> 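Can you read through this structure? Questions will come right after.
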Amino acid sequence: PRGAHDRAFGRAVHFSPTHFMNFFKKQLGISCMEYIIQYRLKKAAHLLQHSDQAIIDIASQSGFNNLSNFNRQFKKYYQVTPSQYRKACL
């Protein structure tokens with residue numbers, strides 16, 4: 001849940017969730033949630049390159065609990081589907 005991340009990160013640095021989210025975006029230029037999504041996608045890309053695990057398992061290991069959302073986010077970030085990405089890496 002998005003709000004849970006906001007509150008947990010804010011508590012860790014003693015900021016209110018709103019202050020933390022504004023600070024994070026100002027420092028990195030992207031929202032905290034977008035940063036987390038990109039981190040998960042990079043992990044998934046690594047697994048696609050270096051394992052033969054099923055895409056659904058890679059999605060789950062990367063923190064996505066919905067395969068459709070994973071495919072949509074992956075294509076948005078890499079401009080190819082996870083299976084196309086894997087084939088291009090072979």
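None of these values were measured; they are calculated from a predicted model.
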> State the CD1-OH distance between Ile55 and Tyr85, to the nearest 0.5 angstrom.
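If I round to the nearest 0.5 Å, the distance is 12.5 Å.
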> Start with the C-alpha distance between Phe70 and Leu41, add both sets of side-chain angles, then the distance that settles side-chain contact (heavy atoms from CB on, under 4.5 Å), and finish with yes or no.
CA-CA 8 Å; Phe70 170 69; Leu41 291 171; 4.2 Å; yes
> Heavy-atom distance under 4.5 Å between the side chains of Arg86 and Ile58, does that happen here?
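Yes. Closest side-chain heavy atoms under 4.5 Å.
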> Report, as yes or no, whether the 6.0 Å neighbourhood of atom CD1 on Ile56 holds more than 12 heavy atoms from other residues, nucleotides or ligands.
no
> Any chance you could measure Lys42, atom NZ, to Leu47, atom CG, to the nearest 0.5 Å?
14.5 Å
> Side chain to side chain donor-acceptor pair (under 3.5 Å) with Gln61: which of Arg40, Gln53, Lys43?
Gln53
> Check ring pair (Phe, Tyr, Trp, His ring centres under 6.0 Å) between Phe23 and all other residues, then give those that pass, not counting sequence neighbours.
Phe15
> When rounded to the nearest 0.5 angstrom, what distance separates OG in Ser31 from CE in Met21?
6.0 Å
> Do Gln84 and Tyr78 get their side chains close enough for a donor-acceptor pair, meaning under 3.5 Å?
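No pair is found: no donor N or O on one side chain lies under 3.5 Å from an acceptor on the other.
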> Does Ser60 have any side chain to side chain contact (heavy atoms under 4.5 Å, CB included) partners at least two apart in sequence or in another chain, and if so, which?
none
> Check the side chains of Thr81 and Ser83 for a donor-acceptor pair under 3.5 angstrom, ignoring hydrogens and angles.
yes
> Measuring from atom CD of Glu34 to atom OH of Tyr77, what distance do you get when rounded to the nearest 0.5 angstrom?
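Answer rounded to 0.5 Å: 8.5 Å.
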> Kindly compute the distance separating CZ (Arg72) from CG (Asn66), expressed to the nearest 0.5 Å.
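Answer rounded to 0.5 Å: 7.0 Å.
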> What I'd like to find out is whether the side chain of Pro82 reaches to under 4.5 Å of the side chain of Asn71, using heavy atoms alone.
yes
> Quick check: closest heavy atoms across Ile30 and Phe24, and the distance to 0.1 Å?
O-CD2, 3.5 Å
> If you measure from OG on Ser62 to OH on Tyr39, what distance do you get to the nearest 0.5 Å?
9.5 Å
